[in-house]
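Scroll down for the structure; my scribbles are underneath it.
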Number of protein chains: 2
Amino acid sequence: MTRIPAPERREALVQAALRVVAERGVAAATTRAIVAEAGMSLASFHYAFVSRDELMTELINFVVDRQENALAPLLVPDGSTRTLHEAVRAGLEHYFAVLRAYPQREKAMLELTQYALRMPDMQPLARRQYDRYRALAASALAGAAKLTGNRWARPVDEVARQLVALTDGLTMAWLVDRDDDAAAVIMDLAADAIVALAEPATTTPSTGHPTPTMTRTS
Amino acid sequence: MTRIPAPERREALVQAALRVVAERGVAAATTRAIVAEAGMSLASFHYAFVSRDELMTELINFVVDRQENALAPLLVPDGSTRTLHEAVRAGLEHYFAVLRAYPQREKAMLELTQYALRMPDMQPLARRQYDRYRALAASALAGAAKLTGNRWARPVDEVARQLVALTDGLTMAWLVDRDDDAAAVIMDLAADAIVALAEPATTTPSTGHPTPTMTRTS
DNA sequence: GTCTATAAAGTGATAGAC
DNA sequence: GTCTATCACTTTATAGAC
């Protein structure tokens with residue numbers, strides 16, 4: 001009907017595809033289901049994309065970039081944070097609140113990751129996805145330590161890797177049994193584990209000048 | 001050709017389906033691919049199962065039971081274990097060795113879990129799967145603590161839940177980037193985190209009689 | 001019980017009118 | 001550029017010969 005530039009059509013189709021994947025899964029994201037969701041005809045799909053594979057690739061790239069923007073503000077500790085433990089716990093809580101509010105979104109992310117792992121040419125996309133998660137976590141962790149007067153006893157990349165692993169485990173656990181109390185237990189223990197990797201910051205190592213900041217509060 | 005009893009045919013088809021899922025993914029596990037893998041004709045499939053859904057349900061039940069048998073011996077600490085930290089690290093190492101040797105197997109488990117999460121009637125199967133993981137982890141953790149003269153400061157079910165979450169995160173991380181060194185980091189930190197939840201066992205709480213067993217060795 | 005043949009519906013992709 | 005109509009193929013499931 002109306003004439004729409006190709007780039008806009010591509011974006012509309014990608015977003016429609018994401019909705020379909022979130023609501024009904026990757027397997028249900030057929031070209032027909034996607035164009036129906038976008039309110040277009042089937043032919044429009046192949047005008048904007050040469051193939052379904054091309055759309056799936058763009059979809060994964062899209063969600064990876066989007067994830068970065070969506071999660072970044074959540075992991076930055078706010079002014080009310082006093083201890084590192086509070087900051088980490090708050091970050092986990094924030095992540096969990098999003099998971100709880102939009103479970104299909106995280107389910108979609110997991111499915112898309114596994115989809116990428118099955119496609120010979122898409123492994124790099126899955127890696128990029130996790131690299132971003134970790135970079136995001138690392139910068140949040142670095143900021144949180146700095147703000148609370150701590151430093152990481154391990155390379156911050158390793159701490160970030162652990163935080164992402166814990167977050168994946170939390171996500172799977174909650175998606176499977178939807179048990180908020182059990183999720184809270186995981187977050188408690190995860191925060192303890194992460195904070196145990198930090199120590200009070202000192203301007204010079206081994207200085208007899210401990211900062212008043214606590215490494216951990218239980 | 002040859003006449004085979006229905007129960008045997010069902011089992012053969014389930015195992016063929018598992019091989020197809022492991023090698024090519026859930027999406028590729030069509031009835032045709034499965035009967036080809038089993039060396040049967042398409043009609044034999046519908047003689048043994050009324051539908052593909054029925055086979056998928058039986059497949060998930062099958063792998064859940066199988067997982068229990070396959071992993072149980074790996075998590076029991078052997079006689080050479082001296083400290084709890086060694087026991088936990090060895091358990092993780094064992095799990096990782098299996099993951100590394102048969103990555104398709106774990107990929108298949110993850111895919112089947114997500115498949116179950118999308119099917120309205122299969123959520124209980126996914127829950128049962130994780131219940132078994134956790135029960136298995138709990139019994140291994142209880143045994144390891146006992147053998148090394150420790151006790152869990154938290155309910156062992158909570159510790160087990162955390163261990164399973166960490167294992168899931170480890171699995172996802174390794175499947176995505178196949179980085180053995182990064183996996184070793186995750187296992188190190190995971191073992192530290194788990195062991196931090198234990199304390200030396202005392203016959204009576206608050207007795208001034210510490211056992212010689214160390215809670216943790218780094 | 002097991003096969004071949006086929007039905008009925010769904011899939012990605014394209015042709016060709018407008 | 002956008003549509004309808006359709007192709008060529010795959011899917012699950014069944015009929016009917018043996």
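Values below: all heavy atoms of this structure, side chains included; hydrogens, waters and symmetry mates excluded. Just so it is clear: chains get the letters A, B, ... in the order the sequence lines come, proteins before strands, and each one is counted from 1.
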It should be established whether B:R9 places a side-chain nitrogen or oxygen under 4.0 Å from OP1 or OP2 of nucleotide C:dT2.
yes
Return the CG to CZ distance between A:L18 and A:R66, rounded to the nearest 0.5 Å.
5.5 Å
So, B:D131 and B:R134, do they make that salt bridge, N to O below 4.0 Å?
yes
Side-chain H-bond candidate by donor/acceptor type, A:E106 with A:Y95, under 3.5 Å:
yes
Protein-to-nucleotide contact annotation, 5' to 3' order, nucleotides 11-18 of chain C [B base; S sugar-phosphate only; - none; under 4.0 Å, heavy atom]
BBBBB---
When you compare the side chains of A:Q129 and A:Y133, does any donor N or O come within less than 3.5 Å of an acceptor on the partner?
yes
Distance-only donor-acceptor check, side chains B:T148 and B:N150, under 3.5 Å
yes
Atom-pair distance (CG on B:L55; P on D:dT11), nearest Å
15 Å
Where along residues 15-23 of chain A does a heavy atom fall under 4.0 Å from DNA chain D?
none
Under 3.5 Å, is there a donor-acceptor pair linking the side chains of B:Y130 and B:T113?
no
How long is the straight-line distance from CG of B:N61 back to CE of B:M56, given to the nearest 0.5 Å?
12.0 Å
Rounded off to whole Å, could you give me the OH-to-C1' distance for the A:Y47 and D:dT2 pair?
9 Å
Side-chain donor-acceptor pair under 3.5 Å between A:Q162 and A:E158, yes or no?
no
Give one of base, sugar-phosphate or nothing for A:S44, where a contact means two heavy atoms less than 4.0 Å apart.
sugar-phosphate
Can you measure B:F49 atom CZ to D:dT11 atom C1' for me and round it to whole angstrom units?
18 Å
